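Notes follow the structure.
Just so we're on the same page: letters track the sequence lines, and every chain starts at 1. For clarity, every value in this text was computed on a predicted model and none was experimentally measured. All values below were derived from every heavy atom in this structure, side-chain atoms included, with hydrogens, water molecules and symmetry-related copies excluded.
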Amino acid sequence: MNYWLVKSEPDKYGWHHFTEQGRAVWDGVRNYQARNNLNAMRLGDQVLYYHSVTNPGVVGLATVVREAYPDPTVPDDPRWVVVELEPVLAFYRAVPLARIKAEPLLANLALLRQSRLSVMPIRPDEFELILKMGQQ
DNA sequence: GCCAACGTTGGC
DNA sequence: GCCAACGTTGGC
């Protein structure tokens, strides 16, 4: 089991929209490092759902329901892939970026170190902590 | 709205 | 291969 974090702008594709649809094709990733992370996702992996820009923070948990395949929105460009995600649970309370920054145990999160990466791996202990922070 | 970080493009 | 210019992301 692997753990990940994906970013989305709530004004473009927010958690609410995601849960209404019940399933998302995670398209539009155009960064090689993020793409490599999509390729490494396996069925059942756990994915933290992060809102960027507007009220930045982790708002929910999703899971991988289909592994990487070519991005259908760019059929002529084989470089890019998508995965499919389904919502698992909404956080009782969102974990704002400010709380993540204030938590020493999360100081090594890629979220803080590589501000522009939109798909990133999370260590199991980091994942458990963020999940716990969202449920209290 | 501003600005820093950073990835990409293109000239040389 | 280097680097300046430029576009995008994302925090504040």
What is the distance, to the nearest angstrom, from the CZ atom on A:R79 to the C1' atom on B:dT8?
11 Å
Think A:R66 forms a cation-pi with A:Y69, using NZ or CZ under 6.0 Å from the six-ring centre and within 45 degrees of its axis?
yes
Between B:dA5 (C1') and A:L111 (CG): distance, integer Å
14 Å
Euclidean distance, atom CD of residue A:Q33 to atom P of C:dT8 [Å, nearest integer]
20 Å
A:K7 side chain N/O closer than 4.0 Å to the phosphate oxygens (OP1, OP2) of C:dG10?
yes
Got A:Y3 and A:L48 here, is their nearest side-chain heavy-atom distance under 4.5 Å?
no
Measure from NE2 on A:H51 to P on C:dG10 and round the result to the nearest Å.
13 Å
Of B:dG7, C:dG10, C:dC12, the nucleotide closest to the side chain of A:N31 is B:dG7
Residue A:S118, side-chain heavy atoms: nucleotide from C:dG11, B:dG7, C:dG10 that is nearest:
C:dG10
Looking only at the side chain of A:Y50 (C-beta and beyond, no hydrogens), which of the listed nucleotides C:dG11, B:dT8, C:dG10 gets closest?
C:dG11
Among C:dC12, B:dT8, C:dG10, which nucleotide sits nearest the side chain of A:S52?
C:dG10
Expressed in angstrom and rounded to an integer, what is the separation of A:R113 atom CZ from B:dA5 atom P?
15 Å
Scan A:K12 against the nucleic acid and name what it touches under 4.0 Å (heavy atoms): base, sugar-phosphate only, or nothing.
nothing
Rounded distance (Å) that lies between atom P of C:dG10 and atom CG of A:L117
9 Å
In whole angstroms, the gap separating P of C:dT8 from CD of A:E9 amounts to 13 Å
side-chain hydrogen bond (donor to acceptor under 3.5 Å, both in side chains) for A:N108 and A:R113? Distances and angles first, verdict last.
CA-CA 7 Å; A:N108 289 318; A:R113 299 182 160 262; 3.0 Å; yes
Once you measure the plane-to-plane angle for A:Y49 and A:W15, does it fall in the parallel (<30°), tilted (30-60°) or perpendicular (>60°) bin?
perpendicular
Using the six-membered ring wherever Trp is involved, compare the ring planes of A:H17 and A:Y13 and label them parallel, tilted or perpendicular (cut-offs 30° and 60°).
tilted
For atom NZ of A:K101 and atom C1' of C:dG10, their distance in whole Å:
10 Å
